[in-house]
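In this text the structure is predicted, and so the values were computed from the model without any measurement.
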Amino acid sequence: RQALAHVEQTPIEGLDRRPTRRPTTRAIFTALKAILVLAQRTGDSWRFAPVRPLTANQKRILTLAGFSPDIYTWQGQLAPENLGLAAP
């Protein structure tokens, strides 16, 4: 809301796709809960990425909140304890 309060910022899509400068928590969660992340394992490496590209509205919400849309993407090795396995 603070980032959208500036006059130069255009509104985001709220519930029912209505433009808003004062989105509710519900509107933000509704927009972001549609993001489905797929985890793929290749050997001992993992890749996490959204199944579909983020919408412009989702990217905008994340950016206004101070996050990069890349927070839903990661590739690398996970520690055994993060996989529910005993550490070696």
Q: For the atom pair CD1 (Ile12) and OG1 (Thr20), what is the distance rounded to the nearest 0.5 Å?
A: 6.5 Å

Q: Is Arg1 atom CZ crowded by more than 12 heavy atoms from other residues, nucleotides or ligands, each under 6.0 Å away?
A: yes

Q: Of all the heavy-atom pairs spanning Gln77 and Ser45, show the shortest one and how long it is.
A: CG-CA, 4.4 Å

Q: Would you compute the distance between atom CG of Leu32 and atom OH of Tyr72 and round it to the nearest 0.5 angstrom?
A: 5.0 Å

Q: Would you say Arg41's side chain and Gly43's backbone share a donor-acceptor pair under 3.5 angstrom?
A: yes

Q: Starting from Leu36, can I reach Ile71 by hopping between I/L/V/M/F/W/Y residues whose side chains sit under 4.5 Å apart?
A: no

Q: About how many Å separate OG1 of Thr42 and CZ of Arg47, when rounded to the nearest 0.5 Å?
A: 9.0 Å

Q: Could you list the residues that satisfy side-chain contact (heavy atoms from CB on, under 4.5 Å) with Arg52, not counting sequence neighbours?
A: none

Q: For side chain to side chain contact (heavy atoms under 4.5 Å, CB included), just list the numbers for Leu4 and Arg22, CA-CA rounded to whole Å, side-chain angles, deciding distance to a tenth of an Å, and then say yes or no.
A: CA-CA 7 Å; Leu4 285 169; Arg22 296 179 48 92; over 6 Å; no

Q: Report yes if some heavy atom in the side chain of Leu78 is under 4.5 Å from a heavy atom in the side chain of Phe48; otherwise report no.
A: yes

Q: Pairs of donor and acceptor atoms involving the side chains of residues 56-66, under 3.5 Å and at least two apart or interchain, shall be tabulated with distances.
A:
| from | atom 1 | to | atom 2 | distance (Å) |
| --- | --- | --- | --- | --- |
| Asn57 | OD1 | Glu13 | N | 2.9 |
| Asn57 | ND2 | Glu13 | O | 3.2 |
| Gln58 | OE1 | Thr55 | N | 2.8 |
| Gln58 | OE1 | Thr55 | OG1 | 3.4 |
| Gln58 | NE2 | Ala31 | O | 2.9 |
| Arg60 | NH1 | Thr10 | O | 2.9 |
| Arg60 | NH1 | Pro11 | O | 3.2 |
| Arg60 | NH2 | Gln9 | OE1 | 2.8 |
| Arg60 | NH2 | Thr10 | O | 2.6 |
| Arg60 | NH2 | Thr10 | OG1 | 3.4 |
| Thr63 | OG1 | Lys59 | O | 2.9 |

Q: According to a hydrophobic-cluster definition based on side-chain heavy atoms being under 4.5 Å apart (Ile, Leu, Val, Met, Phe, Trp, Tyr only), do Phe29 and Phe67 belong together?
A: no

Q: Would Ile35 and Leu54 count as a side chain to side chain contact (heavy atoms under 4.5 Å, CB included) if you check the C-alpha gap in whole Å, the side-chain angles of each, and the deciding distance to 0.1 Å?
A: CA-CA 7 Å; Ile35 300 171; Leu54 300 182; 3.5 Å; yes

